[in-house]
Student: 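Before anything else, here's the structure in question.
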Amino acid sequence: MAAYRANFGHVNDILPGTHFESRKDVKDAQLHKEREAGISWGRDDEDERAADAIVLSNGYADDVDQWNEITYTGAGGQTRNSSQQTSDQSWDNYGNASLRRSRIKGNCVRVIRGSKGERAYSPGSGYRYDGLYEIVADWSETGRAGFQICRFKLRRLADERQELTSVERQVQDMLDRRGQHLTEDSADDAVSRRRTTTVERIVRDTAVVRRVKRWHNFACQVCGLSLAVGADGRSYAEGAHIHALGGPDGGPDVDSNVLCLCPNCHVQLDRGALYLTDDLRVVNRFARGGAPRSAPLRTVEQHRIEKRFIRAHRRFWGIQEQSLNS
DNA sequence: GGGCCCGCAGGG
DNA sequence: CCCTGCGGGCCC
């Protein structure tokens, strides 16, 4: 059998946010080579071992997951599946050496989160592909259990640096061509601006966003509007991140941080005109008639919203949740 | 190809 | 909690 070749970046047009039932499914999708191990590696173009994907599933007690930044623990030094170090880890371990190699070469790695990981950022069950990260540092230290561990600092690539999948690239090419064409004709600056926003929106329409919109049948969770546009008979809705994406303090692209909204309510949420209370009521700060008005957020069983994202959004807009007359 | 070791599964 | 099973690498 031919040696596995490391492959960096998205694979098979699988969008970040795509959910899998089991490690076997993740492997079969070619996101991660291994059935069980955390680090996926193969030979790179110089025939060295280089890592191309990792799984985070609480296998090592020293892991720290903050979505945008991950402090990952290398492989080895524990009895299988125990989560407990019983000896030192080594840089001779192929997984650890391959992650270091990818750090040196600047290869990005795919990150897959399992349900046992950090609650705020992990899927309720199974596994979820969360896109591309770069490895910014590696070092050794003494772990909680008192043994040497290999450590890696990973940072999520900014949205504009998350490489597009090939389908998205095709759409972008198409839009680029149309944009050029229109610019020649009209020299209208608004055209290229609109083109830019369209591309951004495509990039951000992850599997998470698609799933949330489907759960709500493309109806707005705030006002209930079902915008019937398009020939497919489906309504138009947008995936709105409560705790906005981007930047080192950006929120995660996970179900519990996304709402299905109409464009009006989306922009109001993004500008802080709408906010959510801890008990999932929507408050319009600038409602006509003086006092803020609130109404319950429309919810469905399978769509859990996390308070921490609601709070991050309020904190961002400097909203203290005190004067709540519903 | 066989034997051995390893591992962020998976199920009882 | 323990145990079994399995795929991949690597060494004969």
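Chain identifiers are assigned alphabetically (A, B, ...) following the order of the sequence lines, protein sequences preceding nucleic acid strands; residue numbering begins at 1 within each chain.
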Student: Out of C/dG9, C/dG8, B/dC8, which nucleotide sits closest to the side chain of A/W41?
Tutor: C/dG9
Student: What nucleic acid atoms does A/Y127 come within less than 4.0 Å of, heavy atoms only: base, sugar-phosphate, or nothing?
Tutor: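 Sugar-phosphate: the residue A/Y127, judged by heavy atoms under 4.0 Å, touches backbone atoms but no base.
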Student: Can you tell me how far C1' of B/dG7 sits from CD1 of A/I112, to the nearest Å?
Tutor: 16 Å
Student: How close or far is atom P of B/dC5 from atom CG of A/D92, stated in whole angstroms?
Tutor: 19 Å
Student: Against the six-membered ring of A/Y275, is A/R314 placed for a cation-pi contact (under 6.0 Å from the centre, within 45° of the normal)?
Tutor: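 Judged by the rule (NZ or CZ under 6.0 Å from the ring centre, within 45° of its axis), A/R314 is not positioned above A/Y275.
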Student: If you only use heavy atoms from C-beta on, which nucleotide in B/dG7, C/dG7, B/dA9 is closest to the side chain of A/A37?
Tutor: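 So the nucleotide nearest the side chain must be B/dG7.
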Student: Rounded to the nearest angstrom, tell me the gap between atom CD in A/Q78 and atom P in B/dC8.
Tutor: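 Interatomic distance, CD of A/Q78 to P of B/dC8: 7 Å.
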Student: Quick one: do A/D47 and A/R5 make a salt bridge, cutoff under 4.0 Å?
Tutor: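 Between A/R5 and A/D47 there is a salt bridge, with a charged N closer than 4.0 Å to a carboxylate O.
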Student: Whole angstrom is fine here: how far is it from CG in A/D62 over to P in B/dC8?
Tutor: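 Nearest whole value for this atom pair: 14 Å.
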Student: Give the rounded distance in Å between these two atoms: CD of A/E34 and P of B/dG10.
Tutor: 14 Å
Student: For the pair made of CD in A/Q85 and P in B/dG7, what is the distance, rounded to whole Å?
Tutor: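 After rounding, the gap between these two atoms is 10 Å.
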Student: Rounding to a whole Å, what distance do you find between A/D47:CG and C/dC10:C1'?
Tutor: 15 Å
Student: Among B/dG7, B/dC8, C/dG7, which nucleotide has an atom closest to any side-chain atom of A/N93?
Tutor: B/dG7
Student: Could you check which of B/dC8, B/dA9, C/dG8 has an atom nearest any side-chain atom of A/K116?
Tutor: B/dA9
Student: Provide the Watson-Crick or G-U wobble partner of B/dG7, both distances under 3.5 Å; none if there is no partner.
Tutor: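 Matched B/dG7 with C/dC6 under the 3.5 Å cut-off.
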Student: Need to verify one output field. Residue with the more 5' nearest nucleotide on DNA chain C, A/S82 or A/K33?
Tutor: A/S82
Student: Give A/R43 one of three labels, base, sugar-phosphate or nothing, depending on what nucleic acid heavy atoms sit under 4.0 Å from its own.
Tutor: sugar-phosphate
Student: With C1' as the reference atom in both, quote the distance from B/dC8 to C/dC10 in angstrom, rounded to an integer.
Tutor: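 One C1' to the other, the span is 22 Å.
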Student: Taking a hydrophobic cluster as the set of Ile, Leu, Val, Met, Phe, Trp and Tyr residues connected by side-chain heavy atoms closer than 4.5 Å, whether directly or through intermediates, do A/I112 and A/V64 fall within one such cluster?
Tutor: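 Per the 4.5 Å side-chain linkage, A/I112 and A/V64 are not co-clustered.
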Student: Establish, yes or no, whether a centroid distance under 6.0 Å links the rings of A/Y129 and A/H10.
Tutor: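 Ring centres of A/H10 and A/Y129 closer than 6.0 Å.
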Student: Given the rule that I, L, V, M, F, W and Y join up when any side-chain heavy atoms are under 4.5 Å apart, are A/V267 and A/F316 in one cluster?
Tutor: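 As far as the 4.5 Å side-chain criterion goes, A/F316 and A/V267 are not connected within one cluster.
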Student: Would you say that A/W41 contacts A/D52 through its side chain, given a criterion of any heavy-atom pair below 4.5 Å between the two side chains?
Tutor: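 When only atoms from C-beta onward are counted, A/D52 and A/W41 do not touch, as no gap falls below 4.5 Å.
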Student: Which part of the nucleic acid does A/G95 contact within heavy-atom distance under 4.0 Å: base, sugar-phosphate only, or nothing?
Tutor: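 Result for A/G95 = nothing.
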Student: Nearest whole angstrom, please: distance from the C1' of B/dG10 to the NZ of A/K24.
Tutor: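 So the NZ-C1' distance, A/K24 to B/dG10, works out to 13 Å.
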Student: Between the base of B/dC8 and the side chain of A/N81, is there any donor-acceptor pair under 3.5 Å?
Tutor: no
Student: So what does A/T73 hit on the nucleic acid, given a heavy-atom distance under 4.0 Å: a base, only sugar-phosphate, or nothing?
Tutor: base
Student: Which part of the nucleic acid does A/R35 contact within heavy-atom distance under 4.0 Å: base, sugar-phosphate only, or nothing?
Tutor: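 Base, at least one base atom sits under 4.0 Å.
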